[in-house]
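Read through the structure below, which is laid out as structure tokens, and then see the notes.
These figures come from a predicted structure and were not determined experimentally. Each chain gets a letter, A, B and so on, in the order the sequences are listed, and its residues count up from 1.
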Amino acid sequence: MFNKRVRIKEVLEGDLLNREITVMGWVRTFRNNQFIALNDGSTNSNLQVVLELGKFDESLLKRITTGAALKITGILVASLGKGQKVELKAQKAEVLGDSDAEKFPLQPKKHSLEFLREIAHLRFRTNTFGAIFRIRHSLAFAIHQFFNQKGFVYLHSPIITASDAEGAGETFHVTSFDLENPTKNEDGSINYKEDFFGKPTNLTVSGQLEAELAALALGDVYTFGPTFRAENSNTARHLAEFWMIEPEMAFSDLEDDMNLAEEFIKYIIKYILENNREDLDFLATRLTEEEKQKPQNERSEMRLIEKLEFVTNNDFERLTYTEAIEILKNSAANKKKKFQYPVDKWGIDLQSEHERYLVEKHFKKPVILINYPKEIKAFYMRQNDDGKTVAAMDILAPGIGEIVGGSQREERLDVLEKRMREMNIPVEEMNWYLDTRRFGTVPHAGFGLGFERLMLFVTGMTNIRDVIPFPRFPKNAEF
RNA sequence: UCCUCCCUAGCUCAGUUGGUUAGAGCAUCUGACUGUUAAUCAGAGGGUCGCUGGUUCAAGUCCAGCGGGGGGAGCCA
């Protein structure tokens, strides 16, 4: 067997002192022709490997360059140096894979995130991205664990769908036609009947409608998978391919929905605070260093770990859209005309600057806004008795804005159909969805949470392209 | 898609009112040193100044178009 190695995480944390062990990893730095900082991805920390002077061939030492892969067998001893507790005194050293130092783009120095984004296939080899993707794994695991503990069923909603009815955004078309020469009708239009699915299809923009179908049979379900939007959004908060978590609960109202969302966010953040402390500490330090470049008033008030602990330890602020409008309308910022979009009347959609004011200036904590005007929300949200608002809720987080969007769903068939007609949604095509309201409809609610937005919040990173391994965005599908 | 800033060595950046042979730090290479921690010291190599066109005696520098990137906005998760 080739892989008889000990992971560096275990070497550093375990009880292996004075034992002979074999490690494998990649060279981060090689100092003094003696000291190798070796990293194998199991932890943010490197293992110091010591090559005794004169014991190894000059030809081997020359091949130990930044990025090279090594297999080292030696004795783990207490370190003679100050930077680490233990070090591996090498007996055998083997280069598994060479790395030409003149060509390897990563150097033992700081690199900009913009540069690393252009070499996304190699950025896993850096401390920052190692930490990010270990945290991403932990978050995904914690999400499944949370829902599993609560008795939710993990639903695999389809990637390819024929419905674009939710209106969540522009879709990517799916076809097996030769785009240069599609089958056409006599009038020149494309003949979708001859296409693979016999009708126009697209990549999913949301699994919610399918989750509702399942929830009205299985009770509580959640989806966790990729979604695709062909929006021409060029921002640090949008991707064309991103992952969403969408729980859906039967026999539940808006308050149940809010409670679930808040408990969920606190649970998964607590999980990584307990399980990814080293990586979080590294990212926290990175963030603090980065913010030293910024003017005082743009720096965060809390350090990353503090912020995460604050979120797990404090209740989210809950208020209605109407209350939020009043706060904004009467705010000093609004009166001094500091907002680019002044808040003058009920019914306006909240802009980024308004959300940021509420979360970062007024409440200084996550905020749940409920009961939005029906005109600015989706057709499936349940209408409140006032006739003006719907039972929607958005959770706004410091630094990133909307992180969760959810609602109690309209379970009354007549009300739902009426609303669909008002909003020009093809009722006939949605019969499969409406059947849930025809046969044993019940109050139900759910929400959608953007996984990468959650990653931004948790890691303190500011560009969404840095928290997904291979980002997809307009004019870019590298790797 | 809109606004705005940027694109000079492998990376991060200087480059004066347009003017001789385009610089620095880090990285890389060579040598020295050898318990280092982003090692240190000495030396060397490394450039289509994003691309295309224009103005000019002369363009890294000015103008236009295109491409790429950052920040902000819209759409949203």
Side-chain angles (χ1 to χ4, degrees), chain A residues 28-37 45-54 61-62 65-67 77 79-84 87 89 99-119 122 126-127 166-170 204-208 226-246 293-294 298 339-341 349-356 376-378 394-397 400-406 447-457 462-468 473-476 478:
Chain A
R28 285 291 171 79
T29 64
F30 184 33
R31 287 183 293 269
N32 240 357
N33 251 1
Q34 277 182 92
F35 305 100
I36 303 166
S45 303
N46 302 322
L47 173 66
Q48 170 152 293
V49 174
V50 183
L51 303 182
E52 217 175 299
L53 279 174
L61 297 180
K62 285 239 184 282
T65 55
T66 304
V77 298
S79 180
L80 300 175
K82 285 198 180 107
Q84 56 284 315
E87 61 192 21
K89 212 173 150 187
S99 174
D100 185 340
E102 287 193 61
K103 291 181 182 150
F104 186 56
L106 295 173
Q107 300 157 0
K109 57 170 285 195
K110 273 221 161 66
H111 288 298
S112 67
L113 293 172
E114 292 81 10
F115 170 65
L116 293 172
R117 212 169 287 147
E118 287 169 14
I119 50 165
L122 292 172
T126 64
N127 289 330
E166 206 217 343
E170 292 295 312
T204 182
V205 294
S206 161
Q208 183 201 310
T227 48
F228 308 88
R229 299 202 184 161
E231 299 284 348
N232 192 11
S233 298
N234 293 286
T235 83
R237 293 179 302 281
H238 291 83
L239 290 165
E241 177 182 300
F242 64 99
W243 286 62
M244 243 196 328
I245 298 116
E246 294 175 297
Q293 315 293 321
K294 292 189 188 171
E298 285 175 31
F339 288 139
Q340 196 189 335
Y341 298 88
D349 208 349
L350 297 181
Q351 304 293 317
S352 299
E353 57 180 348
H354 305 142
E355 296 180 348
R356 230 179 297 130
I376 58 173
K377 288 292 179 183
D394 282 0
I395 301 186
L396 311 177
I400 43 174
E402 185 182 338
I403 190 169
V404 165
F447 63 83
L449 179 144
F451 188 49
E452 285 76 19
R453 295 232 174 131
L454 180 71
M455 279 292 294
L456 288 180
F457 183 70
T462 51
N463 193 315
I464 202 162
R465 296 168 189 181
D466 293 333
V467 295
I468 188 167
F473 51 93
K475 301 280 179 290
N476 191 296
E478 282 296 304

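Put simply, the side chain of Thr227(A) does not reach to within 4.5 Å of the side chain of Val205(A), judged on heavy atoms. Under the 4.5 Å side-chain criterion, counting only non-hydrogen atoms from C-beta, Leu61(A) is in contact with Phe30(A).
Glu87(A) comes within 4.0 angstrom of a base, heavy atoms only. If you check every strand for non-hydrogen atoms under 4.0 Å, Ser112(A) touches sugar and phosphate atoms only. Within 4.0 Å (heavy atoms only), Arg28(A) reaches no atom of the nucleic acid at all. Within 4.0 Å of Phe115(A), counting heavy atoms only, lie sugar-phosphate atoms of the nucleic acid but no base atom. Residue contacts shown for Glu114(A) are limited to sugar-phosphate atoms, with no base heavy atom under 4.0 Å away. Within 4.0 Å (heavy atoms only), Tyr341(A) reaches sugar-phosphate atoms of the nucleic acid but no base atom. Nucleic acid contact for Asn234(A): base, since at least one base atom lies under 4.0 Å from a heavy atom of the residue. Lys82(A) comes within 4.0 angstrom of a base, heavy atoms only. Across all strands, Gln48(A) comes closer than 4.0 Å to base atoms (heavy-atom distances). Across all strands, Gly83(A) comes closer than 4.0 Å to base atoms (heavy-atom distances).
Side-chain proximity of Ser79(A) to the nucleotides G70(B), C75(B), G35(B) is greatest for G35(B). When distances run from any side-chain atom of Ala236(A) to the nucleotides U30(B), G71(B), A73(B), the shortest one goes to G71(B). Of the candidates C76(B), G69(B), U28(B), U28(B) carries the atom nearest the Pro108(A) side chain, counting heavy atoms from C-beta on. The listed nucleotides are U34(B), C11(B), U28(B); the one nearest the side chain of Thr66(A) is U28(B). Residue Val50(A) has its side chain nearest to G35(B) when only G35(B), A73(B), G69(B) are considered.
The CG-P distance, from Leu116(A) to C11(B), rounds to 11 Å in whole Å. Between the P atom of A73(B) and the CG atom of Leu350(A) lies a distance of 14 Å, rounded to the nearest Å. Here C76(B) presents its C1' atom at 17 Å from CZ of Phe447(A), a figure rounded to the nearest Å.
Base pairing of U1(B): its partner is A73(B), meeting the Watson-Crick or G-U wobble criterion (both donor-acceptor distances under 3.5 Å). When both distances must be under 3.5 Å, the Watson-Crick or G-U wobble mate of C11(B) is G25(B). As the counterpart of A42(B), U30(B) is assigned, both hydrogen-bonding distances of the Watson-Crick or G-U wobble pattern falling under 3.5 Å.
A sub-4.0 Å separation between OP1 or OP2 of A39(B) and a side-chain N or O of Thr29(A) is present. The phosphate of U1(B) has OP1 or OP2 within less than 4.0 Å of a side-chain N or O from Asn232(A). In this model, the phosphate group of U36(B) is not approached by any side-chain N or O of Arg31(A) to a distance below 4.0 Å at OP1 or OP2.
Nucleotides G46(B) and A9(B), compared at atom P, are 15 Å apart to the nearest Å. G19(B) and A58(B) are spaced 7 Å apart, taking the C1' atom of each and rounding to whole Å. Distance check on atom P: A59(B) versus C41(B) gives 41 Å, rounded to whole Å.
In this model, a donor atom of one side chain and an acceptor atom of the other lie less than 3.5 Å apart for Asn127(A) and Arg28(A).
A cation-pi arrangement is absent between Arg229(A) and Phe242(A), since the terminal nitrogen or guanidinium carbon is not both under 6.0 Å from the aromatic centre and inside a 45° cone about the axis.
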Exercise. Is there a side-chain hydrogen bond (donor to acceptor under 3.5 Å, both in side chains) between Thr29(A) and Arg31(A) once you walk through the steps?
Worked result: CA-CA 6 Å; Thr29(A) 64; Arg31(A) 287 183 293 269; 3.1 Å; yes
